[in-house]
Amino acid sequence: MGLKSEFKNIKGTRDILPEEAIRWKKVEDVIRKKMESYNFQEVRFPAFEATDLFRKSTGESTDIVKKEMFTFEDMGGRSLTLKPEGTPSVVRMYLQHGLFNRGALQKFYYIERMFRQERPQKGRYREFRQFGAEVIGSVSAETDAELVKSALDVFKELNIKGIELNINSIGCPRCRKDFVKELKSFLKGKLNGLCEDCNRRYAENPMRILDCKIDRTKLKDAPVPSDFLCDECREHFEDFKKRLDFLKIKFNIDSRLVRGLDYYTKTVFEFVNTSLGSQNELGGGGRYDELIKFMGGEDTPASGYAVGIDRMMLLLPGKDEKISVDVYLVTFDVESDLAGFEILNELRERGFSCDKDPMRRSVKAQFREADRQNAKWVIIIGENEIKRGVVQLKNMNKGKQKEIPMEIDKIVKELKC
RNA sequence: GUGAGUGUAGCUCAAGUGGUUAGAGCACUGGACUGUGGCUCCAGAGGUUGGGGGUUCGAAUCCCCUCAUUCACCCCA
């Protein structure tokens, strides 16, 4: 014991041990059930894609593409990247398989691992899991509200409290043009008073300056996108808010919420929780009406979001579950061991989880193991039982033991009580 | 990428200003109880004190470097 391996998990990754895995399974079950109740269809996609997919869709000016991607070359010299987010892959999948031929409206969800090369901290890992949903083919604000609702449903089902919803509209390329013009003229004289990042954003993606935490107060009077919405975008935003009201979903309008991805249009939103510490954003999303056309498809509206499951798990009430097994077998000699083994196999076929000691250790050791495994029942077989054609069935919680015939149906009947 | 904190057994933590062989609880293995778990008692196993270098008669302790890790900044999920 205690031989130390020279290997350990890589920075920003983590192992999920059995007790925690039980929690994960429950959470994933809830996600699947809820998503499917909205008729989102599950899709799964590769761990890595062509680097250009993210460059083009996530956007060159984003932090993700600029400094957070795990990028490597395959033996043919192609540049590949571990997926940092899901939307580009879903869009790629949609276009590649001609899923528009299945109907104008497609609704997907996914549970996938994502990879971003950032400095890890509480609630932030380099390998993390997200669930997300994407609706392709609907311009309707109803869709945006439905997406929001589906995420809130998951939080609710998991008993996660204290989630706040922030929303905003950042308009379409047409109205954004006016806004950016106005923003730039507002910023012109102030640039050398602003931080380095803001100066870079001024050239690359001025809207994101609104996001800046350092210069917040200096930018208090800066124009915001929602003041420049065209009629169509304004109506869409109004409709979105009305839909949320109708669903009795509370929200804050954050006129400076712009989000970090290049492809968003109109609706943007995020879920936050203040008790999470600095990584308080649980999930977010928005509409991306231009992306599919930009990626080579027909002009198709779309909307979606993603939620960090690891982060969500930090808010999950309750403790890790104990592992447990239905039946543990205790035997005394070779003959009873074989008889018991046969019973175990039959019980396994009938759906019971069963186990036994493979090393023929002492009875005491076998019982200790049964206890450690949280066995509900122990089946005891020895020389006497074999001779008389019976087994002892012990209820480990009550500590009571009962003798019953060595017949599978009779044993099963007892186990079901 | 920047800043701060922390590294002692599988886990949680001890070892006054440097001083024999680095300890305890939990967990693990075995025994007391050779056909019955949890409780109790006894015993055993488990350490390059993260690694390297330096100061010193002597370093877990002081200094330097390095690595890991945590939190925060930035940004995101």
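Residue numbers begin at 1 in each chain, while the letters A, B, ... track the order of the sequences. Everything quoted here is computed from the prediction, not taken from an experiment.
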Undergrad: Excluding sequence neighbours, so at least two apart, what forms ring pair (Phe, Tyr, Trp, His ring centres under 6.0 Å) with A:F155?
TA: A:F271

Undergrad: If you measure from the P atom in B:rU69 to the same atom in B:rU8, how many Å do you get, rounded?
TA: 14 Å

Undergrad: Could you check whether A:N384 gets within reach of a base, just the sugar-phosphate, or nothing at all, counting any heavy atom under 4.0 Å?
TA: base

Undergrad: Can you tell whether the side chains of A:R78 and A:D74 come within less than 4.0 Å, N to carboxylate O?
TA: yes

Undergrad: Going by the rule salt bridge (Lys or Arg N to Asp or Glu O under 4.0 Å), which residues pair with A:E36 if we only count those two or more places apart in sequence or in a different chain?
TA: none

Undergrad: So, A:Y109 versus A:Y38, ring centres under 6.0 angstrom or not?
TA: no

Undergrad: Give a yes or no on whether the backbone of A:S336 and the side-chain of A:D333 come within a donor-acceptor separation of less than 3.5 Å.
TA: yes

Undergrad: In whole angstrom, give the distance that lies between atom NZ of A:K322 and atom P of B:rG37.
TA: 18 Å

Undergrad: Applying salt bridge (charged side-chain N to carboxylate O under 4.0 Å, His left out) as the test, list every pair that has at least one member in residues 178-194 of chain A; sequence neighbours left out.
TA: none

Undergrad: Can you check the distance between B:rC33 and B:rC39, where both ends of the measurement are the C1' atom (answer in whole Å)?
TA: 14 Å

Undergrad: Select base, sugar-phosphate, or nothing to describe what A:Q117 touches, counting heavy atoms under 4.0 Å on all strands.
TA: nothing

Undergrad: Over all strands shown, is A:E85 touching base, sugar-phosphate only, or nothing at heavy-atom distances under 4.0 angstrom?
TA: nothing

Undergrad: In whole angstrom, give me the gap between the C1' atoms of B:rC13 and B:rU29.
TA: 23 Å

Undergrad: Which letters describe nucleotides 65-71 of chain B, given B = protein heavy atom under 4.0 Å from base, S = only from sugar-phosphate, - = neither?
TA: ---SS-S

Undergrad: Does anything in residues 263-282 of chain A form a salt bridge (charged side-chain N to carboxylate O under 4.0 Å, His left out)? List the pairs, not counting sequence neighbours.
TA: A:E232-A:K266, A:R259-A:E270, A:R259-A:E281, A:K266-A:D289

Undergrad: Do A:R14's NZ or CZ and the ring of A:Y125 fall within the cation-pi criteria of under 6.0 Å and 45°?
TA: yes

Undergrad: From the set B:rA77, B:rC75, B:rG35, return the single nucleotide nearest to any side-chain atom of A:E383.
TA: B:rG35

Undergrad: Which part of the nucleic acid, if any, lies within contact of A:I380, taking any heavy atom under 4.0 Å across all strands shown: a base, the sugar-phosphate backbone alone, or nothing?
TA: base

Undergrad: Is any side-chain N or O of A:E68 under 3.5 Å from a base N or O of B:rG1, one able to act as donor and the other as acceptor?
TA: no

Undergrad: Base, sugar-phosphate or nothing for A:R124? Non-hydrogen atoms, less than 4.0 Å.
TA: base

Undergrad: Give a yes/no on whether any side-chain N or O of A:R201 is located under 4.0 angstrom from OP1 or OP2 of B:rC75.
TA: yes

Undergrad: Could you tell me how far B:rA60 sits from B:rU21 if I compare only their C1' atoms? Round to whole Å.
TA: 15 Å

Undergrad: Identify, with sequence neighbours excluded, every residue that meets ring pair (Phe, Tyr, Trp, His ring centres under 6.0 Å) alongside A:Y202.
TA: none

Undergrad: Can you give the donor-acceptor pairs under 3.5 Å from side chains of residues 80-90 of chain A to other protein atoms, not counting sequence neighbours?
TA:
residue: A:T81; atom: OG1; partner: A:T51; partner atom: OG1; Å: 2.7
residue: A:T81; atom: OG1; partner: A:T71; partner atom: OG1; Å: 2.8
residue: A:K83; atom: NZ; partner: A:P46; partner atom: O; Å: 3.4
residue: A:K83; atom: NZ; partner: A:E112; partner atom: OE1; Å: 3.1
residue: A:K83; atom: NZ; partner: A:R113; partner atom: O; Å: 3.0
residue: A:E85; atom: OE1; partner: A:Y263; partner atom: OH; Å: 2.7
residue: A:E85; atom: OE2; partner: A:T58; partner atom: OG1; Å: 2.7
residue: A:E85; atom: OE2; partner: A:Y263; partner atom: OH; Å: 3.3
residue: A:T87; atom: OG1; partner: A:E134; partner atom: OE2; Å: 2.9
residue: A:T87; atom: OG1; partner: A:Y263; partner atom: OH; Å: 3.4
residue: A:S89; atom: OG; partner: A:E49; partner atom: OE2; Å: 2.8

Undergrad: In whole angstrom, give the distance that lies between atom CZ of A:F367 and atom P of B:rC39.
TA: 16 Å

Undergrad: Taking the C1' atom of each, how far is B:rG5 from B:rA45, in whole Å?
TA: 35 Å

Undergrad: List for me each residue that meets salt bridge (Lys or Arg N to Asp or Glu O under 4.0 Å) alongside A:K410, sequence neighbours excluded, and say none if there are none.
TA: A:E407

Undergrad: Give every donor-acceptor pair under 3.5 Å between a side-chain atom in residues 386-396 of chain A and any protein atom, sequence neighbours left out.
TA:
residue: A:R388; atom: NH2; partner: A:E403; partner atom: OE1; Å: 3.0
residue: A:R388; atom: NH2; partner: A:E403; partner atom: OE2; Å: 2.3
residue: A:Q392; atom: NE2; partner: A:E385; partner atom: OE2; Å: 3.1
residue: A:Q392; atom: NE2; partner: A:E403; partner atom: OE1; Å: 3.0
residue: A:N395; atom: OD1; partner: A:N397; partner atom: N; Å: 3.0
residue: A:N395; atom: OD1; partner: A:K398; partner atom: N; Å: 3.0

Undergrad: Between B:rU34 and B:rG30, how far apart are the two P atoms, rounded to whole Å?
TA: 15 Å

Undergrad: Between A:R208 and A:A375, name the one whose nearest nucleotide on RNA chain B is closer to the 5' end.
TA: A:A375

Undergrad: Determine the interatomic distance between C1' on B:rA14 and the same-named atom on B:rG47; round to the nearest Å.
TA: 15 Å

Undergrad: If you look at every strand shown and take non-hydrogen atoms under 4.0 Å, does A:Q279 touch a base, only sugar-phosphate, or nothing?
TA: base

Undergrad: If I pick the P atom on B:rC75 and the same atom on B:rA59, what distance separates them, to the nearest angstrom?
TA: 49 Å

Undergrad: Could you check whether A:R368 gets within reach of a base, just the sugar-phosphate, or nothing at all, counting any heavy atom under 4.0 Å?
TA: sugar-phosphate

Undergrad: So if I take residues 394-403 of chain A and measure heavy-atom distances to RNA chain B, which residues fall below 4.0 Å?
TA: A:K394, A:M396, A:G399, A:Q401

Undergrad: Give the rounded distance in Å between these two atoms: OH of A:Y109 and C1' of B:rA77.
TA: 19 Å

Undergrad: With pairs taken as Watson-Crick or G-U wobble and both distances under 3.5 angstrom, which stems of at least three consecutive pairs involve RNA chain B?
TA: B:1-7 with B:67-73, B:10-13 with B:23-26, B:28-32 with B:40-44, B:50-54 with B:62-66

Undergrad: Let me have the donor-acceptor pairs involving side chains of residues 242-253 of chain A, under 3.5 Å, with sequence neighbours excluded, atom names and distances please.
TA:
residue: A:N252; atom: ND2; partner: A:E164; partner atom: OE1; Å: 3.0
residue: A:N252; atom: ND2; partner: A:N166; partner atom: OD1; Å: 2.9

